[in-house]
2 protein chains.
Amino acid sequence: MLRRTKKERQRLLSETIAENPFVTDEQLATQFQVSVQTIRLDRMELSIPELRERIKDVASKNYENEVKSLPIDEVIGEIVDIELDNRALSIFDVKEEHVFQRNGIARGHHLFAQANSLAVAVINDELALTVHSNITFVKPVRAGNRVITKAIVIGRDDKNHRTKVEVTSTVNGETVFVGEFDMYRTKGKGE
Amino acid sequence: MLRRTKKERQRLLSETIAENPFVTDEQLATQFQVSVQTIRLDRMELSIPELRERIKDVASKNYENEVKSLPIDEVIGEIVDIELDNRALSIFDVKEEHVFQRNGIARGHHLFAQANSLAVAVINDELALTVHSNITFVKPVRAGNRVITKAIVIGRDDKNHRTKVEVTSTVNGETVFVGEFDMYRTKGKGE
DNA sequence: ACTGATATTAGTACCAAGTGCTAATAACAA
DNA sequence: TTGTTATTAGCACTTGGTACTAATATCAGT
């Protein structure tokens, strides 16, 4: 009689490997009290790659993430339309690396980054800095979502070097984020 | 004559491997136009482990992080002190890649990211999301600055699943950023 | 030009953790 | 008993190495 049915063993095998991809066929054979060959047949049937490939997968994922974990430099999102000192539009595709592992919801600072860098970009000046901002995350955004962000200049006070920008982000037409940005600029109009 | 001196080759070798740990001795030999044995001697002298070990290192680092899966991994800046549902402290070193090329001033979204992720981290809950935030960039921050950010839970409304967090960032004792974060959480106290 | 040190290359045996294949045996079911 | 499925065994081969020995090459100093 079989210690366990083949099916059961394969189910546990998948689990075990998923839990710890660093386990060798020999260790698995000992664990399940079968021959190494059986483990290999099982892996084939389940199309689970060999140890080295599994490790390489984990490593290369890590590598990608490491590279991507600092992409927070230039403008976040792609600017698709801009009319300086008036309005601007950018698109940002939310990927796995932008969301919380736990719940798959985009981390706020990415949405803020897109909005903020668009607010900076719309200002027609050498120097534009965010002074103050009031923002609301209206609805969770998830991986795969395409966020369309619109910035509109709604007010200027050249005496105080201030410009007010309203930013709204939507996914599939639904508002997910709104913010008001008070920007500082060095120059006034037409200087 | 040597194509390059041994030293020079070894310097480049270290760099190359650091950049891409997935490279084999054979590829390196081709790249530097030397024999595989030379590459191996170089690796020994520099005590760089073999390909498989390198990959395993990358993979296991990744694995550790994944296992933790606490938001503490996903924080921008390094958390140096935390007392859940009460306060937290993180440090973030501003580098060249975080500032505007034009004026050397840190982009707002990096400061926001540090503050926001600290506000998320301080919440003792599986799920914590920023709902609303009011922030002020008090003083410009520059490359080389060390930003110390403190988050303090200043209020809770468990009926509405809300927690209010006040975040203050300083550089050399001077306040550079303040923000108030309204956080959403799934669970109430002691649930 | 000769000697010695350093650097490079070549070659062998061996290892881990496999793949790919064939063949034998075991277990079970009808 | 026969057929099917499952398991085990064994062998040759692969990658990307280690560990070691031995032969050359290259260069510097006298």
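A note on names: the letters A, B, ... follow the listed sequences, proteins ahead of strands, and every chain is numbered from 1.
- Here the C1' atom of nucleotide dA17(C) and the CG atom of L28(A) are 12 Å apart, to the nearest Å.
- As a whole-Å value, the separation of Q37(A) CD from dA23(C) P is 16 Å.
- The interatomic distance linking I55(B) (CD1) with dT15(D) (P) rounds to 15 Å, in whole Å.
- Salt bridge status for E45(B) with K6(B): present, with a side-chain N to carboxylate O gap under 4.0 Å.
- The shortest distance between the side-chain N/O atoms of R9(B) and the OP1/OP2 oxygens of dT8(C) is below 4.0 Å.
- Across the protein-nucleic acid pair, Q10(A) atom CD and dT5(D) atom C1' stand 12 Å apart, rounded to whole Å.
- For Q27(B) and dG17(D), the CD to P distance is 9 Å, given to the nearest whole Å.
- Of the residues near DNA chain C, V36(B) and R52(B), the one whose nearest nucleotide (by heavy atom distance) lies more toward the 5' end is V36(B).
- Distance CD/Q27(A) to OG1/T16(A): 11.5 Å, rounded to 0.5 Å.
- Distance alone, capped at 3.5 Å, is enough to place a donor-acceptor pair between the R43(B) side chain and the I48(B) backbone.
- Classification of D157(A) and K159(A) as a salt-bridged pair fails, no side-chain N sitting under 4.0 Å from a carboxylate O.
- In terms of modelled atom types and a separation under 3.5 Å, the side chain of S117(B) and the main chain of Q114(B) share a donor-acceptor contact.
- Screening V138(B), I135(B), T136(B) against H132(A) for a side-chain contact (heavy atoms from CB on, under 4.5 Å) leaves a single residue, T136(B).
- As a whole-Å value, the separation of F32(A) CZ from dA6(D) P is 17 Å.
- Of the residues in residues 38-50 of chain A, those with a non-hydrogen atom less than 4.0 angstrom from any atom of DNA chain C are R40(A), R43(A), E50(A).
- Counting to the nearest Å, the C1' atom of dG18(C) and the CZ atom of R54(A) are 11 Å from each other.
- Ranking dA16(C), dT8(C), dT7(D) by closeness to the K6(A) side chain, first place goes to dT7(D).
- We find that CD of E26(B) is positioned 9 Å from P of dG17(D), with the value rounded to whole Å.
- Formation of a donor-acceptor pair under 3.5 Å by the H161(B) side chain with backbone atoms of R185(B) is found in this model.
- Nearest to the side chain of S35(B), among dG16(D), dA10(C), dA17(C), sits dA10(C).
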